[in-house]
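Encoded as structure tokens, the structure appears first; notes follow it.
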Amino acid sequence: MSICDSPLRLRLDTSALVDNWQWLNARSGAAACGAAIKANGYGLGAAEVMRRLSAAGCRDFFVATWAEANAVASRAEDVALSVLHGVRAEDMAAARAGRARPVLNTPEQVRRWKEAGGGPCDVMVDTGMNRLGVAPADIAAGLLDGLMIETLMSHLACADEDVTMNAAQQVDFAALKGRTRARRMSLANSAGICLGADYAFDLTRPGIALYGGVPRDEAAGRLRQVATPEAQILQRRRVGAGDRVGYNAAFAAERDMELAILNIGYADGYLRGFSGKGHAMAGAARLPVLGRVSMDLLIVCVDAAPDLGEGDWVSIGYALPEAAEVSGLSQYELLTGLGQRLQRIWN
Ligand SMILES: *Cc1c(COP(=O)(O)O)cnc(C)c1O
């Protein structure tokens, strides 16, 4: 499929991505600012994101698995790549051979890494989220002795909320300063960066905010939309008062209306939560979604755009905070759910 053949595109804005990283980097103060590019760069394309952010000065990248590390390793010259899920027994060959470091999460992973001869690694410590990470008590008992630790990290459970757990995790993490041989410490994700300088330590790890997600009010108006789906019109049609539209006849026209049928649906990640609530744009004209989102198709009202016709393109309303509100999906789901039929096009 050539780049112009697809009836469905994802427009990706390099300058918005870089501006977002630069804002997060500035908010990180003296700490370095990395980038989480797991889940294929939150659906945008990990290698493409990595290339753009490393050109902007980003030096620390995070993926979830060794398969994700391998997919970008050839581009990972002059940058550090960390694998957040660490090393299972099945990962050891890739981990020993590769250019990436494991983030060791369990005593078993620590033992496995030491037995294989060690080498540079990162370590995740659990400070209350009870997801991944070794216990501070195990660190005190000497679990990490002898490891070559580049970054000691922990992860905030509620950084997008104003709750006392944030400060509690920050204090517990800060208490580990000097207790390991780690060269750097890292706590903050996107929302954590907004919590202030105490949370930045030596390295921050934003993900969603790089891609235009707004994790907290402090970031509202500061981050630019990076990803915008665009769909081509397959058919334009007129309906009259009383006509029904789409699956389950969920929309009934109360007057004469003009519709456009678009090449996008829930199989592309444009989920049913947008039914009757989402919108597309044609220039300045707003085109409301009518009725149910279908698997591969979407129906919008084009009364506001009399000149639009078959073959024309419209953009889908996908500013993440608003789209999350409208659809009931999280900003993370909105990006990582975008399907492979959307041709990724960077400008
Ligand atoms: C995904 C992830 C991040 C990035 O989180 P955002 O909320 O997307 O900024 C940072 N650190 C770890 C350990 C992660 O798993």
Side-chain angles (χ1 to χ4, degrees), residues 17 20-25 27-28 31-44 46 49-50 53 58-66 68-69 72 80-87 100-106 109 121-134 149-161 165-166 169-170 173 182 184-196 199-220 222-223 226-227 320-321 324 329-338:
L17 175 74
N20 292 346
W21 181 78
Q22 268 156 356
W23 186 78
L24 293 158
N25 188 31
R27 286 285 301 207
S28 299
C33 182
I37 57 167
K38 62 198 182 190
N40 195 26
Y42 287 47
L44 277 55
V49 168
M50 178 186 236
L53 292 184
C58 182
R59 288 291 166 268
D60 298 274
F61 292 87
F62 300 88
V63 293
T65 67
W66 292 93
E68 290 184 352
V72 296
L81 189 58
S82 296
V83 178
L84 290 164
H85 293 185
V87 276
R101 292 194 296 267
V103 180
L104 304 178
N105 290 293
T106 70
Q109 290 190 354
C121 62
D122 299 331
V123 172
M124 175 69 73
V125 55
D126 178 58
T127 52
M129 187 175 184
N130 283 303
R131 196 174 66 171
L132 287 175
V134 302
I149 305 173
E150 176 62 26
T151 307
L152 182 71
M153 58 181 83
S154 191
H155 196 56
L156 295 164
C158 326
D160 56 338
E161 296 179 279
M165 187 168 173
N166 292 325
Q169 285 194 271
Q170 193 277 347
F173 188 58
R184 298 192 295 184
M185 293 180 72
S186 172
L187 178 63
N189 62 347
S190 300
I193 291 169
C194 297
L195 291 176
Y199 290 79
F201 291 88
D202 304 308
L203 169 67
T204 59
R205 310 186 305 268
I208 192 73
L210 293 169
Y211 311 110
V214 177
R216 290 181 57 92
D217 285 348
E218 291 87 342
R222 305 302 188 126
L223 299 165
V226 177
L320 291 175
L329 300 168
S330 76
Q331 300 180 78
Y332 300 82
E333 291 169 298
L334 286 168
L335 288 183
T336 59
L338 289 169

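The figures that follow rest on heavy atoms only: side chains count, while hydrogens, waters and symmetry mates do not. Just so it is clear, the model here is predicted, and its values are computed rather than measured. First listed ligand is number 1; within each ligand, the first listed atom is number 1.
- Protein heavy atom closest to atom 2 (C) of ligand 1, with residue, atom name and distance, is K38 NZ, 2.5 Å.
- Residue contact annotation: F62 has no non-hydrogen atom under 4.0 Å from ligand 1.
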(request) Decide yes or no on side-chain contact (heavy atoms from CB on, under 4.5 Å) for R27 and R222, but give the supporting numbers first. (result) CA-CA 11 Å; R27 286 285 301 207; R222 305 302 188 126; over 6 Å; no
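- Residue R131 approaches ligand 1 through these ligand atoms, each under 4.0 Å from one of its heavy atoms: 15 (O).
- Side-chain contact between V214 and L320 is absent, with no heavy-atom pair separated by less than 4.5 Å.
- Taking any N or O of M124, backbone or side chain, none lies under 3.5 Å from an N or O belonging to ligand 1.
- Set against the non-hydrogen atoms of L84, the atoms of ligand 1 under 4.0 Å away are 13 (C), 14 (C), 15 (O).
- Using a 4.5 Å cut-off on side-chain heavy atoms (C-beta onward), L132 and V103 make no contact.
- Heavy-atom separations between M129 and ligand 1 are all 4.0 Å or longer.
- Relative orientation of the Y332 and Y42 rings is tilted, given thresholds of 30° and 60° on the angle between their planes.
- Residue M153 places no heavy atom under 4.0 Å from ligand 1.
- For the pair K38 and E68, the salt-bridge criterion is not met [side-chain N within less than 4.0 Å of a carboxylate O].
- Counting heavy atoms closer than 4.0 Å to ligand 1, residue H155 contributes side-chain atoms (C-beta onward) but none from N, CA, C or O.
- For the 3.5 Å distance criterion, the side chains of S154 and T127 qualify, holding a donor opposite an acceptor.
- Nearest protein heavy-atom contact of atom 5 (O) of ligand 1 is N189 CB, 3.5 Å.
- Each of the atoms 6 (P), 8 (O), 9 (O) of ligand 1 lies under 4.0 Å from some heavy atom of I208.
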(request) Could you give me the CA-CA distance, side-chain angles and deciding distance for L210 and L24, then say whether side-chain contact (heavy atoms from CB on, under 4.5 Å) is met? (result) CA-CA 8 Å; L210 293 169; L24 293 158; 3.8 Å; yes
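- Salt bridge annotation for R101-D122: present, with a cationic side-chain nitrogen under 4.0 angstrom from a carboxylate oxygen.
- Atoms of ligand 1 found under 4.0 Å from any heavy atom of A36 (numbered from 1 in listed order, with element): 4 (C).
- In this structure, atom 9 (O) of ligand 1 lies nearest to the protein heavy atom S190 OG, 2.5 Å.
- Of the protein's non-hydrogen atoms, the one nearest atom 10 (C) of ligand 1 is R205 O, 3.3 Å.
- Under 3.5 Å, the side chains of E333 and S330 contain a donor-acceptor pair of N or O atoms.
- Within the listing of ligand 1, atoms 1 (C), 4 (C), 5 (O), 6 (P), 8 (O) sit less than 4.0 angstrom from a heavy atom of Y42.
- Of the protein's non-hydrogen atoms, the one nearest atom 7 (O) of ligand 1 is Y332 OH, 2.6 Å.
- Contact check for V83 versus F62: no side-chain heavy atoms found under the 4.5 Å cut-off.
- Ligand 1 is approached by P206 to a heavy-atom distance shorter than 4.0 Å.
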